[in-house]
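Below, chain A is the first sequence line, B the second, and so on; all start at residue 1.
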Amino acid sequence: MAKKTIRLAFNEEEDQTSFFTANEVDGSEKMVTLNVRIGGPKQAGLTEGWIDNKRIFQDKVGSFKNEPIRKNNQLNGKTLSVYTVVTDSIEEDANLTEVEYDLLGGVGEVHITLSKKVSQQGDSVYYKFEVFFFKI
Amino acid sequence: MKNILITGIYFLVSIISHSQKNIDTTVNLDLLKAPTSVAFSMLGIAASDIERPTDLTSFAASIRSATNNFSKLPTSYAIEIAPAWIARMDNLTLDRYNSTRFRDVFWQSFNISLAFTRQDEDGKEETDTGSYSKLGAGLKFSIIRPPWSAKTRNLFDSLLFYQKLALSDFVRFTTIMEANNPELQSLLAQLKAVTGSANLTDDEKRRLIAELAQKINRIKQDINSSYNSDTARVMASHNKLIQAANKFKTERQGPALDFTAGMVTDFPDNRFNYSVMSKAGAWLTGGYEGGNEKISFFGIIRYLYQPDKIFADESGALKSANISTLDGGARLLVKGAHGKFIGSCETIYRSVLNKNTIDPNWRLILNLEYDVGFNQKLTFAFGKNFDGTISKTGNLVAALNFIKAFGAQKRLPENED
């Protein structure tokens, strides 16, 4: 946490609201899980997740951890799409919205923080996090 | 009839003129409230000079600016931070601000203020050789926090409703936008083909997959960026969501308890190994907010060490050196009759702890007010002042005669003597 925190302190952030990557899985029964953290303070967030054309979770309010996706041996060739809307708070001056996604349990892990500044108080930003799973 | 009228006027004048000393409304419980930013208040730093970073990047930028890119120590610097915000804790989303769990309440409200400045003996900012350094530090947090009122919960539910609609539109439209992008569809097909290919080595597969993923990522970023900047702006769901967000306002109902503390340390020789604590203070504030038509209660206990002004010493006879003071008070507010009736009772206690020169004293005020309409109010105030005298003001006695005996509407002056 400390290393990531220090790196983030001096990171020149640019607006980025979408991320697509490929992540390797194996044939095990190990569960792949998802963490979503929404910041900054007093911002409202809502998330839903899809595997290809099937919705696997919805109406996730705020930040959450350990959301089960599927087991490793069920994900080869599939794409996880996570959609998040973050609404800026009018009660705080900070206009930077961000979402941190952590995908754990595969052969590799995926960690990404997406962010965007809103131009007006109370505005909303739409984020998309996608992972294509493959097995070698 | 004439005798009754004269007698009524006599009683009216005698009761009104028998009103003793006025109740001093400038001295009230609000004077004991903890300052919003303790360290700065104790050092006399203006609110506009304070840095308030809300994330790690702006915190680092603030430090970098104050130290001239880390090349020297600042001559004057003030910062207020909420550690939970800087550390990006995961309980800071709006839904969690309705929580009454101590972990959430503490971290969401925990706030640290730090200030460094150089001042002369009169407390004015100064940087010449005659000045010395002062460091102020303060903290505050909530121990008990009331939950949202029903009105705020409804506003949040409305916000959530429009978020669902907006998110649904986002999913639908970006899916269509991506499906209508031939380059993207081609790359996705290649990705699947590489994954299932039997003609490539494992390393070749991994390399090609990584390359294709980067290309796909760039196209999808453009599509998403376009949705955020253009498409969303014309969506009814998005605009309704902005309206719902702008309507949201936090109101709370229930018990509350907050703690605030601060201190100022002087460095008379500007050397780190010699310091003297020049001021300190601690506040415990609690109460119950009942909202309209209910009872509200508010109380404070305040401890000050070497304050600028000793509350119990009106004449200013005592020097504040090595003086500790303990002050406190409470206010009870009752509303009724759809806001027409307001009754309040306030008491203040003040004392000097380590000197016997000034005895502790207290004050009690009872205020009653009723709106009779036509821009007129019945008022009654009764109080015991700090010096023990009794005060009584208001127009209630006159109004009792006014309503029945005289039989005509008359504008009532407020707080007649």
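- Taking 4.0 Å as the cut-off between side-chain N and carboxylate O, B:Arg233 and A:Asp123 count as a salt-bridged pair.
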- Query: Can you list the steps and then say if A:Glu48 with B:Leu167 is a side-chain contact (heavy atoms from CB on, under 4.5 Å)?
  - Reply: CA-CA 8 Å; A:Glu48 65 181 53; B:Leu167 190 63; 3.8 Å; yes
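- Between chain B and the options A:Glu130, A:Gln120, A:Gln121, heavy-atom pairs under 4.5 Å are most frequent for A:Glu130.
- Note on residues 186-203 of chain B: pairs passing salt bridge (charged side-chain N to carboxylate O under 4.0 Å, His left out), not counting sequence neighbours, are B:Asp203-B:Arg206.
- Within residues 236-246 of chain B, the residues approaching chain A closer than 4.5 Å by heavy atoms are, in numerical order, B:His238, B:Leu241, B:Ile242, B:Ala245, B:Asn246.
- A pairwise comparison of heavy atoms in B:Ser225 and A:Thr17 identifies N-OG1, 4.2 Å as the closest pair.
- In plain terms, the two heavy atoms of A:Ile90 and B:Phe248 that are nearest each other are CD1-O, 3.6 Å.
- The aromatic rings of B:Phe170 and A:Tyr126 sit tilted relative to each other, their planes meeting at an angle between 30° and 60°.
- Rounding to the nearest 0.5 Å places CD of B:Gln163 at 9.0 Å from OG1 of A:Thr47.
- Here the CD atom belonging to A:Gln58 is positioned 9.5 Å from the OG atom belonging to B:Ser168, to the nearest 0.5 angstrom.
- The minimum heavy-atom distance between B:Thr195 and A:Phe134, with the atom names listed, is CG2-CB, 3.6 Å.
- To the nearest 0.5 Å, the span separating CG on B:Leu94 from OG on A:Ser89 amounts to 6.5 Å.
- Side-chain atoms of B:Glu178 and A:Lys128, non-hydrogen and from C-beta on, do get closer than 4.5 Å to each other.
- When the shell of 6.0 Å around CG of A:Asn53 is examined, it contains 12 or fewer heavy atoms from other residues, nucleotides or ligands.
- B:Val171 places a side-chain heavy atom less than 4.5 Å from the side chain of A:Trp50.
- Interface remark: of the candidates A:Pro41, A:Ser119, A:Ala22, A:Ser63, A:Pro41 forms the most heavy-atom pairs closer than 4.5 Å to chain B.
- Of the charged side-chain nitrogens involved, none lies within less than 4.0 Å of a carboxylate oxygen, so that B:Lys205 and A:Glu24 do not count as a salt-bridged pair.
- For B:Thr250 and A:Glu91, the side-chain atoms include at least one donor-acceptor pair closer than 3.5 Å.
- When each of B:Leu92, B:Leu191, B:Asp222, B:Asn217 is checked for heavy-atom pairs under 4.5 Å with chain A, B:Asn217 comes out on top.
- We find the OH-CG distance between A:Tyr83 and B:Asn224 to be 9.0 Å, quoted to the nearest 0.5 Å.
- Heavy-atom distances place no part of A:Phe64 under 4.5 Å from chain B, backbone and side chain included.
- A:Thr84 touches chain B through its backbone: at least one of N, CA, C or O sits under 4.5 Å from a heavy atom, while the side chain does not.
- Once rounded to the nearest 0.5 Å, the distance linking CG of B:Asp90 with NZ of A:Lys65 reads 4.5 Å.
- Residue B:Arg96 holds its CZ atom at 11.5 Å from CD1 of A:Ile38, rounded to the nearest 0.5 Å.
- Side chains of B:Lys164 and A:Leu46 form a contact here, defined as non-hydrogen atoms less than 4.5 Å apart.
- Comment: A:Glu98 engages B:Arg88 in a salt bridge, judged by a side-chain N to carboxylate O separation of less than 4.0 angstrom.
- Between B:Asp95 and A:Gly62, the closest heavy-atom pair is OD1-CA, 3.7 Å.
- When every heavy atom of B:Asn228 is checked against every heavy atom of A:Ser124, the shortest pair comes out as OD1-O, 4.5 Å.
- Interface remark: A:Asn35 contributes no atoms to any contact with chain B (heavy atom separation under 4.5 Å).
- Closest of all the heavy-atom pairs between A:Phe20 and B:Ala213 is CD2-O, 3.7 Å.
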